[in-house]
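Here's the structure we're looking at; comments come further down.
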Amino acid sequence: MKRDMDLVRNILLTIEGTEDSLNHTTLRLALKKLYIDDSRIPSNRTLVGHVEIMEEAGLVSANVIRVGAGYHAFTGLRMTWNGQDFLASTRDPSIWEKARPKFESLSFDLIKQLLIALAKETLLP
């Protein structure tokens, strides 16, 4: 699975907009608010995969459930402190769009540093 930083950002925005923790079904339903075209909503496998790597990166906390030979699910999805910080650095759409073309060639740590640098540039003239 290829990491999709737009999906990572959308998952964090979705979590932020909810009061309760999410599971794979409620996340998928909540993402409909961010995607104009339902066909662009990622598959369950992609969502769970991204939740897993986001948990590894410290952005979210979730109980990932592995059932059978490939079906995964999760419950209790919530954003961590690090996830809140990352989302804060991505909130401004102009900063996100400036950084976006570089995502494929950068590590996650460098993506975070780039977003922080762009935010500083925008906020501190």
Side-chain angles (χ1 to χ4, degrees):
M1 172 190 72
K2 186 175 177 182
R3 179 178 64 189
D4 179 343
M5 292 305 294
D6 287 320
L7 178 56
V8 168
R9 180 175 184 251
N10 285 340
I11 289 172
L12 292 175
L13 287 167
T14 300
I15 294 170
E16 181 185 53
T18 61
E19 293 292 322
D20 298 319
S21 63
L22 300 168
N23 63 43
H24 61 281
T25 303
T26 55
L27 174 61
R28 192 171 171 79
L29 290 172
L31 281 171
K32 286 186 174 205
K33 295 176 186 173
L34 295 177
Y35 289 91
I36 296 167
D37 178 5
D38 283 358
S39 69
R40 294 192 60 226
I41 297 173
S43 69
N44 189 56
R45 173 172 268 174
T46 299
L47 285 179
V48 175
H50 274 73
V51 166
E52 286 181 305
I53 63 174
M54 289 171 71
E55 187 170 37
E56 290 168 0
L59 299 175
V60 298
S61 175
N63 302 312
V64 177
I65 305 159
R66 289 169 184 81
V67 181
Y71 180 77
H72 302 314
F74 59 84
T75 61
L77 176 64
R78 63 174 189 78
M79 198 173 347
T80 63
W81 188 276
N82 288 332
Q84 293 279 350
D85 286 348
F86 180 76
L87 183 59
S89 70
T90 70
R91 188 169 311 285
D92 184 326
S94 66
I95 292 172
W96 184 253
E97 289 305 317
K98 279 183 193 175
R100 211 165 159 247
K102 297 176 176 41
F103 290 163
E104 284 193 31
S105 62
L106 297 176
S107 70
F108 183 64
D109 286 336
L110 287 176
I111 290 171
K112 290 190 296 187
Q113 290 176 28
L114 173 62
L115 289 165
I116 290 168
L118 290 170
K120 284 181 183 178
E121 186 180 287
T122 302
L123 296 172
L124 308 172

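Taking both residues in full, the closest heavy atoms of Leu7 and Pro42 are given as CD1-CG, 3.6 Å, listed atom of the first, atom of the second, then distance. Between Ile95 and Ala119, the shortest heavy-atom contact is CD1-CA, 3.5 Å. Nearest heavy-atom pair, Arg3 versus Phe108, reported as atom, atom and distance to 0.1 Å: NH1-CB, 3.6 Å.
Screening residues 11-20 for salt bridge (charged side-chain N to carboxylate O under 4.0 Å, His left out), with sequence neighbours left out, gives Glu16-Arg91. Screening residues 101-119 for salt bridge (charged side-chain N to carboxylate O under 4.0 Å, His left out) gives Lys2-Glu104, Asp109-Lys112 as the qualifying pairs, with residues at least two apart or on separate chains. The stretch residues 51-64 participates, sequence neighbours left out, in these salt bridge (charged side-chain N to carboxylate O under 4.0 Å, His left out) pairs: Glu52-Arg66.
Residue Gln113 holds its CD atom at 7.5 Å from OG of Ser107, rounded to the nearest 0.5 Å. Met5 CE to Asn10 CG: the interatomic distance, rounded to the nearest 0.5 Å, is 11.0 Å. Atoms CZ and CG, on Phe74 and Asn63 in that order, are 10.5 Å from each other to the nearest 0.5 Å. Note: Arg78 CZ to Ser61 OG = 4.5 Å, rounded to the nearest 0.5 Å. In this structure, CG in Leu118 is found 6.0 Å from NZ in Lys98, a value given to the nearest 0.5 Å. Atom CG of Leu106 and atom CD1 of Ile111 lie 5.5 Å apart (nearest 0.5 Å).
In the hydrophobic cluster analysis, where Ile, Leu, Val, Met, Phe, Trp and Tyr join through side-chain heavy atoms closer than 4.5 angstrom, Leu13 is grouped together with Tyr35. Under a hydrophobic clustering in which Ile, Leu, Val, Met, Phe, Trp and Tyr are joined whenever their side-chain heavy atoms come within less than 4.5 Å, directly or via other members, Leu110 and Leu114 fall into the same cluster.
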Could you list the donor-acceptor pairs under 3.5 angstrom formed by side chains in residues 79-87, with sequence neighbours left out?
residue, atom, partner, partner atom, Å
Thr80, OG1, Gly58, O, 2.4
Thr80, OG1, Leu59, O, 3.0
Thr80, OG1, Asn82, N, 3.4
Thr80, OG1, Gly83, N, 3.1

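Ser94 is linked by a side-chain hydrogen bond (donor to acceptor under 3.5 Å, both in side chains) to Asp92, counting only residues two or more places apart in sequence or in another chain. For the side chain to side chain contact (heavy atoms under 4.5 Å, CB included) test, residues two or more places apart in sequence or in another chain that qualify with Arg28 are Ile41, Leu47. Applying the salt bridge (Lys or Arg N to Asp or Glu O under 4.0 Å) rule to Asp4 yields no partners; only residues at least two apart in sequence or on another chain are considered. For the side-chain hydrogen bond (donor to acceptor under 3.5 Å, both in side chains) test, no residue two or more places apart in sequence or in another chain qualifies with Thr25. By the side chain to side chain contact (heavy atoms under 4.5 Å, CB included) test, Thr14 is found to be paired with Leu22, Leu27, Ala30, Leu31, Leu34, residues two or more places apart in sequence or in another chain being considered. Under the rule for a salt bridge (Lys or Arg N to Asp or Glu O under 4.0 Å), Lys33 has no partner lying at least two apart in sequence or in another chain. Considering only residues two or more places apart in sequence or on other chains, Ser43 meets the side-chain hydrogen bond (donor to acceptor under 3.5 Å, both in side chains) condition with Thr46.
Residue Ile116 is found outside any hydrophobic cluster, as its side-chain heavy atoms come under 4.5 Å of no other Ile, Leu, Val, Met, Phe, Trp or Tyr.
With a 4.5 Å cut-off on side-chain heavy atoms, His24 and His72 do not count as touching.
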